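In this text, all values refer to a predicted model and were calculated from it rather than measured experimentally. Note that the numbering runs from 1 along the sequence shown for the chain.
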Amino acid sequence: MIYLAAPYSATDPAIEQQRYDAVCRAAAALMRRGMEIFSPISHSHGIARYGLPTDWAFWQRYDRAFLAWCDELWALKLSGWDTSVGVRAEMAIAREMGKPVRLGDPLELTTEN
């Protein structure tokens, strides 16, 4: 099971929506290839609309539990991935757990071979 990390939180809701769309597109492309993907943003975006925060401070407990369940982490290199508090923390947690961490270009992941 691959944990698909990506930046999400932004002061502009339009950026959050763009990031959500990009990670869902990448997750769908990987799933079409037969990969087992867990995308925390894809799962949480709709739920957060009902009064939950979108920041790492709130979601870290959930993401840590899902990371324990997954075999590796792939970080989607969307704009801001390298400065995202959540992505950096998810990568550190995955490494603490001894799980491989990979970086993925969204164009490469969504291009069908």
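- The cluster map of Ile, Leu, Val, Met, Phe, Trp and Tyr, joined by side-chain heavy atoms under 4.5 Å apart, puts Leu73 and Phe38 in the same cluster.
- Take Ser9 and apply the side-chain hydrogen bond (donor to acceptor under 3.5 Å, both in side chains) test, not counting sequence neighbours, and it matches no residue.
- In this view, Tyr62 and Phe58, Trp59 satisfy the side-chain contact (heavy atoms from CB on, under 4.5 Å) rule, not counting sequence neighbours.
- A heavy-atom distance below 4.5 Å is not found between the side chains of Asp63 and Gln60.
- The two atoms that bring Thr83 and Arg88 nearest to each other are O-CZ, 4.4 Å, heavy atoms only.
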- prompt: Step by step, would you call Leu103 with Trp81 a side chain to side chain contact (heavy atoms under 4.5 Å, CB included)?
  reply: CA-CA 10 Å; Leu103 301 177; Trp81 76 271; 3.6 Å; yes

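- Phe66 and Ile2 fall into different hydrophobic clusters, defined by Ile, Leu, Val, Met, Phe, Trp and Tyr side-chain heavy atoms under 4.5 Å apart, directly or through other members.
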- prompt: What's the verdict on side chain to side chain contact (heavy atoms under 4.5 Å, CB included) for Glu96 and Leu67, showing C-alpha distance, side-chain angles and the deciding distance?
  reply: CA-CA 11 Å; Glu96 277 175 23; Leu67 272 165; over 6 Å; no

message: Pair Val87, Glu90 - check side chain to side chain contact (heavy atoms under 4.5 Å, CB included), show working.
response: CA-CA 5 Å; Val87 172; Glu90 288 164 324; 4.1 Å; yes

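- Tyr20 is connected to Leu4 through a chain of hydrophobic side-chain contacts under 4.5 Å among Ile, Leu, Val, Met, Phe, Trp and Tyr, so both are in one cluster.
- Proximity of a side-chain donor or acceptor of Ser44 to a complementary backbone N or O of Pro40 within less than 3.5 Å is detected.
- With sequence neighbours excluded, the residues forming a side-chain hydrogen bond (donor to acceptor under 3.5 Å, both in side chains) with Arg102 are Glu72, listed by chain and number.
- No path of Ile, Leu, Val, Met, Phe, Trp and Tyr side chains, each step under 4.5 Å between heavy atoms, connects Tyr3 with Val23, placing them in separate hydrophobic clusters.
- Taking both residues in full, the closest heavy atoms of Pro7 and Ile41 are given as O-CD1, 3.7 Å, listed atom of the first, atom of the second, then distance.
- Put simply, the side chain of Trp74 reaches to within 4.5 Å of the side chain of Leu30, judged on heavy atoms.
- Taking the side-chain hydrogen bond (donor to acceptor under 3.5 Å, both in side chains) definition, one finds that Gln17 meets it with Asp21, His45, sequence neighbours left out.
- Using a distance-only test at 3.5 Å, with no hydrogens or angles considered, a donor-acceptor pair links the side chain of Lys99 to the main chain of Cys70.
- Taking the side-chain contact (heavy atoms from CB on, under 4.5 Å) definition, one finds that Ala10 meets it with Ile15, Glu16, Arg19, sequence neighbours left out.
- Under the rule for a side-chain contact (heavy atoms from CB on, under 4.5 Å), the partners of Met31 that lie at least two apart in sequence or sit in another chain are Ile37.
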